Amino acid sequence: MTALEVISANLDYLLLGSWPAGPLGGMALSVVIGLTAALLASLLGLAGGIVLTLGPPLLRRLVAISAALLCAIPVVMLIFWCYFLLPVLFAVDVPGTLTVIAALALIGGAFLTQAVHAGIAAIAAGQWQAGLSLGFSRWQTLRLIVLPQALRIMVPSFVNQWITLVKDTSLAYIVGVAELTFVASQVNNREQVYPLPVFATVALLYWLWCSGLVWLGARWETRYAGVGRK
Amino acid sequence: MTPPAWLGYGWLESHFIGWMLQGAALTAWLALLVCGLATLLGVLLAAGYEQRWRSVRLAVRTFLSLHRNTPLMVQLLLWYFGVAGLLPEAVMLWLNAPHEVTLAGWTLAWPSFEFVAALIALSLYSAAFVAEEIRAGIRSVAPGQHAVALALGMTPRQVFRHIVLPQALRVVRRPLLGQYLGVIKNTSLTMAIGVAELSYSSRQVESETLLTFQAFAVATLLYLLLVLGAQLAGGRARPTLGGGR
């Protein structure tokens, strides 16, 4: 068999895993992990950034320390923590996919917490003063005046973090979740003949996915942040 | 004192901590080599980006896009399995066999193939990110500087080497430190191809002792120490790197 035949024979498996006969796997599972983790990380980041801006001092400190710690350790370590300890702590069987989503969402959320906090801080103080002197509460000022402006500045941070998350879905390989990278190594072990073409195909799939996000991010940036900026 | 049930009724014996310290040392060594290689290559790539020839710029752009927009894990597997498949069998046998070089009383062991594959993959991946930071730094140098140096009779290479690069490096010191911290964290992925670094050794200790919490706690702490140490080293280097400022 040529390399092309090997890849086309395994393409369904790379894209979907053993679905529909078995559980969803391959690139489809990577997309599910990536999208869920990106959504959760964005929500966490937004909440964390708002807490760092408006929260009570004790909570602020707690969030700041946890975010700093999460940003300082490798994603692999956090995946280990979630994968091996969540089942022990809660005495239930947590599926590998969920633990990976939890780890990625936590790390992504920690980075976005810092980005959102910095984005809010970048808005001129006059905006806050104007809102407050119009009788808005601090929360209203943030939600109606500051955040809409800050989110535009943050578009590149969010897109970069999503791209990082997409790439980090491949770390699920380490704990044996059958996403694209794991499935590719299975194909490689089974076929034994064309490791380079197999992994190059997988790299190409990830590249298309990430490049799509880069393209989308560039479009958003010109649309939302283009005004008033060069 | 015996720890409670959820801690597995035991503490780690000292030789297990020794395993993880060895892992941490390998992590630090690998990260150091990668940072050096990635910086060198990153400067070359950034310089290539500023070239007049379109083909050079296109090649650099392609390299950056391919390395930045694919997962490091896949790149590691590609180097480890893919390149091993391309090399002739005799070369692979030689690479996998232990070799030693004795130089003036120092014995240098040839590293394992896993280590070499990890070093290459990590360096190329990190170089792509370092190159983008340096390029941003180069862009921040006022174009007038370039013109003045050229008008003074310097060649374009001299201008890059003596005028643009030193100023750019000063601007990118902070983002570069961020990239170096990222390198320390990224070395953890090399456990997937069998490099016995810190994450690998923590998994080993975990499966040997079943003391999950303790093993990962020690490894996490060691990572924090490495990252903190690198941050302190980066902070201390500031006055010397910053010139007269």
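On a predicted model such as this, the values are computed, not experimentally measured, just so you know. Letters A, B, ... mirror the listed sequences (proteins, then strands); counts begin at 1.
- Residue B:R61 places its CZ atom among 12 or fewer non-hydrogen atoms of other residues, nucleotides or ligands, all under 6.0 Å distant.
- For A:L58, the CG atom sits in a loose shell: 12 or fewer heavy atoms of surrounding residues, nucleotides or ligands are nearer than 6.0 Å.
- Within the 4.5 Å cutoff, the side chain of A:W207 has heavy atoms near those of the B:S65 side chain.
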Side-chain donor/acceptor pairs under 3.5 Å, residues 67-94 of chain A, sequence neighbours excluded:
residue: A:W81; atom: NE1; partner: B:T220; partner atom: OG1; Å: 2.8

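- The main-chain N or O of B:R68 is found under 3.5 Å from a side-chain atom of A:K167 such that the two form a donor-acceptor pair.
- Separation of atoms CH2 (B:W79) and CG (A:L196) is listed at 9.5 Å; rounding is to 0.5 Å.
- With a 6.0 Å radius and a threshold of 12 heavy atoms from other residues, nucleotides or ligands, B:L87 has its CG atom above the threshold.
- With a 4.5 angstrom heavy-atom cutoff, B:E206 touches chain A only via side-chain atoms.
- Rounded to the nearest 0.5 angstrom, B:L77 CG and A:N188 CG are separated by 8.5 Å.
- Between B:L76 atom CG and A:Y173 atom OH the span is 10.0 Å, to the nearest 0.5 Å.
- Residue B:L78 touches chain A through both its backbone and its side chain, counting heavy-atom pairs closer than 4.5 Å.
- Between A:T169 atom OG1 and B:M73 atom CE the span is 10.0 Å, to the nearest 0.5 Å.
- For B:L66, the parts lying under 4.5 angstrom from a heavy atom of chain A are both the backbone and the side chain.
- Residue B:T187 does not touch chain A at all, counting heavy-atom pairs closer than 4.5 Å.
- Interatomic distance, B:T70 OG1 to A:L208 CG, rounded to the nearest 0.5 Å: 11.0 Å.
- Interface remark: A:V214 contributes side-chain atoms only to the contact with chain B (heavy atom separation under 4.5 Å).
- When all heavy atoms are compared, the tightest approach of B:P71 to A:S170 is CB-OG, 3.3 Å.
- More than 12 heavy atoms of other residues, nucleotides or ligands lie within 6.0 Å of CZ in A:R190, so this atom counts as buried by the packing criterion.
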